[in-house]
Amino acid sequence: MKESYFPQQIEKKWQKIWEETGAFKTPDNSEKPKYFALSMFPYPSGKLHMGHVRNYTITDVIARFKKANGYNVLHPMGWDSFGLPAENAAMKHGADPETWTDENIKYMTKQLKMLGLSYDWDREVTTCKPDYYKWTQWLFLQLYKKGLAYKKEAAVNWCDNCATVLANEQVIDGKCWRCDGIVEKKYLSQWFLKITDYAEVLLKDLDKLPGWGDNVKTMQANWIGKSQGAIFKFKVKEIEGLEVPVYTTRPDTVYGITYLVVAPEYKDIEKLTTAENKKAVEEYRANARKMSEIERLSTERIKTGVPLGTHCINPFNGEEFPLWTADYALVEYGTGAVMAVPAHDTRDYDFAQKYKLPLKVVIQNPEKPSDCKDEAYTDSGILVNSNEFNGMKNEEAKKVIIEKSVKEGFGEFKTQYRLRDWLISRQRYWGAPIPVVYCDKCGIVPVDEKDLPVRLPKDVDFSVVGKSPITTSKSFLDTVCPHCGGPAKRETDTMDTFMCSSWYYMRYSDAKNNKKPFDRDLVNKWLPVDQYVGGIEHAILHLLYSRFFTKALKDLELLDFDEPFKNLLTQGMVLKDGAKMSKSKGNTVDPDEIFENYGADTARLFILSDSPPARDFDWSDAGVEGCYKFLNRVWRLVATNAENIDLNASINGKTFSKENDNLIRTVHMAIKGITNDISNDFQFNTVISKYRELTNAIYDWQSKKSQLSDEDKTVLSFAIVALLKLMSPVAVHLTEEAWHELGASTSIHDEPWLAWDENLAKLSSITLVVQVNGKVKDKIEVDEGLSQDEMKNIALNSPKIKELTTGKEIVKIIVVPKKLVNIVIKP
RNA sequence: GGGCAUGUGGUGGAAUGGUAGACACGCUAGUCUUAGGAACUAGUGCUAACGCGUGGGAGUUCGAGUCUCUUCAUGCCCACCA
């Protein structure tokens with residue numbers, strides 16, 4: 001065995017052998033229990049970045065660990081390959097998006113293979129291929145038939161740069177999530193999925209996910225945004241028969257209303273405006289329309305509004321108050337109208353201050369009454385000025401006040417969600433065409449299932465501006481109506497790529513099926529995903545959509561489970577010098593260079609070593625170097641001892657010298673510690689520190705031996721075999737090469753994981769810690785298995801302790817078995 | 001403004017309520033080398049020392065990095081959602 005470590009040669013060699021022998025193929029049928037380990041599949045942008053390396057290494061180590069522990073592991077990979085960058089590249093370089101995407105996939109596949117990942121490539125899924133998007137389209141049709149996909153005219157988020165609409169989830173601070181362009185509101189007829197039908201169950205079932213982090217769950221819960229309250233209807237004084245309904249979560253403050261606000265886009269606003277106020281209201285509304293989302297959402301912006309001239313009547317007490325329009329009321333939430341209670345709501349307070357509107361106190365803190373002149377009182381308290389409800393606690397009043405409104409016919413209980421329906425149309429080329437046609441006679445008609453897929457046309461002009469390139473195709477647009485056979489036009493919108501990624505993990509269970517998206521038995525066998533690993537940036541978008549899809553497909557009886565991902569690990573970002581790696585900052589590290597200079601095993605080891613997976617990881621060149629040196633150290637340890645190592649040596653049933661016994665104990669402790677660290681939240685950073693501890697221990701042991709006896713060789717063999725096996729999920733190539741150099745003929749990756757002996761996984765002696773008043777004052781080496789009294793005596797007889805306790809009154813003595821004695825004295 | 005995280009040496013980070021700083025990076029000496037950015041050995045929280053030390057302040061406990069309250073700072077997510 002060569003004493004020098006040449007990762008590049010070793011890695012290429014084994015990658016080839018593994019591929020040729022089909023080492024990572026996953027059979028559908030196996031006696032073993034299943035385990036589905038999944039990384040979020042990448043967008044084929046061109047090259048892997050370190051975030052990918054981290055993500056896939058984490059999942060790969062999990063997959064290999066589970067495989068060694070007796071599971072039939074499904075560990076697939078695929079490509080989220082529809083999307084705008086391909087189209088932009090096409091526009092820039094004149095390349096076909098398909099060619100551009102294919103080339104990227106080819107290159108990135110090569111990189112993934114160089115990383116030594118244990119994927120079953122037979123199950124590869126590529127969302128832009130017709131054999132995949134056919135089924136995305138098919139699923140759309142099933143949702144359409146079930147009434148979960150619909151088209152409607154709506155104010156949508158429009159990004160001019162990308163010339164397409166965006167889902168609410170894709171608008172960040174009023175800007176486009178992709179290009180940072182300013183998002184405007186436009187009225188367009190668009191396709192939506194009815195995710196709001198599932199709002200309640202999507203919220204409630206978060207409780208079924210103990211394997212998800214609370215941060216992700218609260219983010220989803222906040223996004224769904226459930227609130228409970230009431231709708232009250234207010235009669236308009238000037239107009240017979242017209243009512244303005246409002247949604248409120250504070251029905252207890254209903255006696256404190258002093259005005260009412262409707263959104264500028266409110267449907268009845270023109271009717272509610274008097275002739276004198278018409279001009280001012282029109283101006284205000286025109287201005288609101290022009291404002292971008294960013295300006296409008298700005299918190300710092302001072303609230304503005306204008307009166308409409310009309311009034312409403314409070315049905316609870318007959319009071320009259322004016323109607324205003326102001327853009328702090330949102331047309332798309334609740335009813336688009338708000339009852340304003342300046343005394344008990346900070347926004348209403350600010351507005352009332354500005355326009356000198358009155359305020360009326362109806363909730364009081366009995367300990368600290370306030371007239372609310374200086375600020376709104378928004379905490380709980382006792383009702384005042386509220387007729388029969390005076391003296392009630394406001395939390396109790398909420399219910400009875402709504403009950404009164406229900407009984408008298410002007411109100412109802414109402415649960416409201418902030419979640420909106422999912423807008424899935426995109427006016428872009430590189431996506432799955434929405435499979436419907438428009439017929440003059442029959443209207444919207446779904447494409448016949450047997451005619452799927454609706455293929456993307458090739459005869460398109462990518463240089464067009466301001467509209468989708470797909471509309472330039474001559475072959476695509478005209479078709480016949482599947483219903484009446486008459487002439488019809490195809491839908492030119494394509495689907496949001498998040499549709500494609502909402503079900504890809506199901507396709508892995510039956511990737512080659514050309515009869516259906518997946519076989520029901522196979523999807524039920526492999527899913528849900530046992531461990532999903534990916535970035536926190538998908539906490540809302542992808543993960544919420546996927547949960548919705550799973551529930552909808554269950555209702556369509558295509559599968560039998562209701563949550564797609566049992567356990568979720570959200571990995572932290574990869575940083576360099578404390579900042580996120582990005583091309584614009586110029587602080588990226590190219591994985592290819594790392595593979596070339598140090599090898600994949602070093603990259604894998606390092607990316608797991610410094611931080612726990614959920615935390616951000618700071619890339620350092622010195623750290624890479626350190627990992628490379630460590631692998632060299634391991635290699636040298638094995639190589640210099642190759643002649644002394646017998647893979648078949650057994651320590652069972654033998655007794656050993658003290659120092660050999662100690663090395664055996666160290667190995668058992670390492671097996672136990674590493675197994676527990678992986679099982680417990682995948683703490684790979686401590687796993688790797690235990691590799692180092694074990695390696696150091698073997699070197700130490702060896703440095704005390706000038707010559708090895710047969711017993712020594714047996715113990716050394718035991719330790720080295722354990723070290724290699726424990727390291728095999730991480731340093732996949734090095735351990736395989738060493739394993740074979742030591743004479744094995746089968747793969748180390750087919751060896752079972754190691755078991756430890758609880759009696760050996762601890763030190764033979766213990767350190768007795770002696771404290772006085774909780775402070776450590778002495779440490780004494782003692783045998784294990786002392787009685788509590790013996791421990792106490794040893795502690796009290798220690799010279800250091802005697803010195804401290806002489807002449808002092810001992811109040812009590814605490815003894816923790818096998819650990820410590822704490823002597824409490826009076827000071 | 002709301003929610004969720006996170007605060008431990010020069011740095012990344014370890015610590016079932018029981019020896020704080022495992023394991024590394026870095027640094028300082030030294031050995032071996034023509035040389036070393038290789039390898040190995042020793043040291044490395046602060047303090048001259050008594051001692052002091054897990055962002056600050058309180059509390060529970062025989063004992064707190066860990067539990068409770070409070071406060072500050074940083075990061076992320078949401079944000080005029082009535």
Side-chain angles (χ1 to χ4, degrees), chain A residues 4 172-173 213-223 225-227 229 246-250 253 260-261 263 296-301 303 326-330 332-341 344-348 350-351 378 416-420 536-537 539-540 572-573 575 578 606 609-612 614-627 629-630 632-633 636 673 676-677 680 683 685-696 699 703 767-779 811-816 818-825:
Chain A
S4 303
I172 293 143
D173 292 333
D214 286 338
N215 54 344
V216 178
K217 285 192 280 189
T218 43
M219 275 159 83
Q220 291 213 356
N222 289 342
W223 189 263
K226 181 179 182 172
S227 69
V246 304
Y247 172 72
T248 181
T249 53
R250 292 297 305 273
T253 64
L260 205 143
V261 181
R296 188 160 166 188
L297 290 180
S298 162
T299 327
E300 274 90 79
R301 205 166 67 82
K303 292 182 177 48
D327 60 10
Y328 81 91
L330 307 173
E332 64 277 28
Y333 186 75
T335 63
V338 188
M339 58 178 232
V341 184
H344 306 294
D345 181 285
T346 51
R347 293 153 306 180
D348 299 341
D350 293 343
F351 191 80
T378 54
Q416 184 76 37
Y417 300 91
R418 297 169 61 176
L419 186 69
R420 314 284 158 79
I536 185 79
E537 65 272 19
I540 296 173
M573 283 187 299
L575 310 176
F606 176 55
S609 65
D610 263 5
S611 300
R615 234 183 284 179
D616 286 349
F617 179 91
D618 207 346
W619 183 277
S620 79
D621 296 334
V624 183
E625 197 74 38
C627 284
K629 284 182 193 170
F630 171 65
N632 271 285
R633 194 166 142 83
R636 233 176 12 253
N676 288 344
D677 284 353
N680 174 26
Q683 293 180 51
N685 55 329
T686 53
V687 168
I688 284 156
S689 70
K690 284 174 177 113
Y691 292 162
R692 292 178 189 269
E693 280 173 352
L694 180 55
T695 306
N696 291 346
Y699 267 108
S703 71
T767 307
L768 175 66
V769 175
V770 187
Q771 299 179 327
V772 175
N773 287 350
K775 303 253 178 219
V776 178
K777 295 297 176 188
D778 200 8
K779 299 170 191 178
V811 183
K812 65 169 150 177
I813 300 177
I814 312 279
V815 181
V816 181
K818 297 180 189 180
K819 263 200 187 113
L820 66 72
V821 175
N822 185 15
I823 300 159
V824 186
I825 58 173

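Being a predicted model, the structure only gives us computed values, none of them experimental. Proteins get letters first, then strands, A, B, ... in listed order; numbering begins at 1 in each.
Nucleic acid contact for Gln771(A): base, since at least one base atom lies under 4.0 Å from a heavy atom of the residue. Contact annotation for Asn822(A): base contact, defined as any heavy-atom pair under 4.0 Å involving a base atom. Counting non-hydrogen atoms under 4.0 angstrom, Arg418(A) reaches a base of the nucleic acid. Residue-level contact check: Gln683(A) touches the backbone only, with heavy atoms under 4.0 Å from sugar-phosphate atoms and none from bases. At a threshold of 4.0 angstrom between heavy atoms, the contacts of Lys629(A) are confined to the sugar-phosphate backbone, with no base atom among them. Within 4.0 Å of Asn696(A), counting heavy atoms only, lie sugar-phosphate atoms of the nucleic acid but no base atom. Among the protein residues, Thr767(A) comes within range of the nucleic acid bases, having at least one heavy atom under 4.0 Å from a base atom. If you check every strand for non-hydrogen atoms under 4.0 Å, Val816(A) touches a base. Nucleic acid contact for Lys812(A): sugar-phosphate only, since backbone atoms but no base atoms lie under 4.0 Å from a heavy atom of the residue.
Here the side chains of Trp223(A) and Leu419(A) are in contact, with some heavy-atom distance below 4.5 Å. Considering only heavy atoms from C-beta on, Thr253(A) comes within 4.5 Å of Met339(A) through its side chain. Side-chain atoms of Arg420(A) and Tyr333(A), non-hydrogen and from C-beta on, do get closer than 4.5 Å to each other.
Of the candidates C77(B), A20(B), A15(B), A20(B) carries the atom nearest the Val776(A) side chain, counting heavy atoms from C-beta on. Listed candidates were A22(B), G18(B), C78(B). Nearest to the side chain of Ile814(A) is G18(B). Of the candidate nucleotides U19(B), C78(B), G3(B), C78(B) has the atom nearest to the side chain of Trp223(A). Which of C80(B), A15(B), C4(B) sits closest to the side chain of Asn215(A) comes down to C4(B). Comparing atom distances between the Ile540(A) side chain and each of A82(B), U19(B), C78(B) picks out C78(B) as nearest. Nearest nucleotide to the Arg692(A) side chain, out of A24(B), A82(B), C62(B): A24(B). Ranking G12(B), A14(B), A82(B) by closeness to the Ser611(A) side chain, first place goes to G12(B). Checked against G3(B), C80(B), G12(B), the side chain of Asp610(A) finds its nearest nucleotide in G12(B). Ranking G18(B), G3(B), A15(B) by closeness to the Leu820(A) side chain, first place goes to G18(B). The Glu693(A) side chain lies nearest to C23(B) when the options are A82(B), C23(B), G3(B).
With a cut-off of 3.5 Å on both pairing distances, the Watson-Crick or G-U wobble partner of G18(B) is C62(B). The partner of G53(B) is absent, by the rule that a Watson-Crick or G-U pair needs both atom distances under 3.5 Å. C80(B) is unpaired under the Watson-Crick or G-U wobble criterion, no partner having all donor-acceptor distances under 3.5 Å. Here A29(B) sits opposite U41(B) as a Watson-Crick or G-U wobble pair (both hydrogen-bonding atom distances under 3.5 Å). Across the strands present, U11(B) finds its partner in A24(B); the criterion is a Watson-Crick or G-U wobble pair with both atom distances under 3.5 angstrom.
Shown here for Thr686(A) and Asp677(A), the closest heavy-atom pair between the two residues is OG1-OD2, 2.8 Å.
Note on Tyr691(A): every side-chain N or O is 4.0 Å or more away from OP1 and OP2 of C23(B). Remark: Ser689(A) is not in phosphate contact with A14(B), judged by side-chain N or O atoms under 4.0 Å from OP1 or OP2.
In this entry the distance linking CG of Asp621(A) with C1' of U11(B) reads 15 Å, nearest Å.
Across U8(B) and G65(B), the matching C1' atoms stand 7 Å from one another, rounded to whole Å. On the C1' atoms, A58(B) is 28 Å away from C50(B), given to the nearest whole Å. Between A49(B) and U60(B), the distance separating the two P atoms is 35 Å to the nearest Å.
For the pair Asp345(A) and Arg250(A), the salt-bridge criterion is not met [side-chain N within less than 4.0 Å of a carboxylate O].
G9(B) takes the syn form, because its glycosidic angle lies no more than 90° either side of 0.
Seen from the ring of Phe630(A), Arg692(A) counts as a face-on cation partner, given the 6.0 Å and 45° thresholds.
Looking at Lys819(A), its side chain comes within 3.5 Å of the base of U16(B) through a donor and an acceptor atom.
Map Lys690(A) and Asp677(A) each onto its nearest nucleotide of RNA chain B; the residue landing nearer the 5' end is Asp677(A).
Relative ring orientation between Tyr328(A) and Phe351(A) is described as tilted, the plane-to-plane angle lying within the 30° to 60° band.
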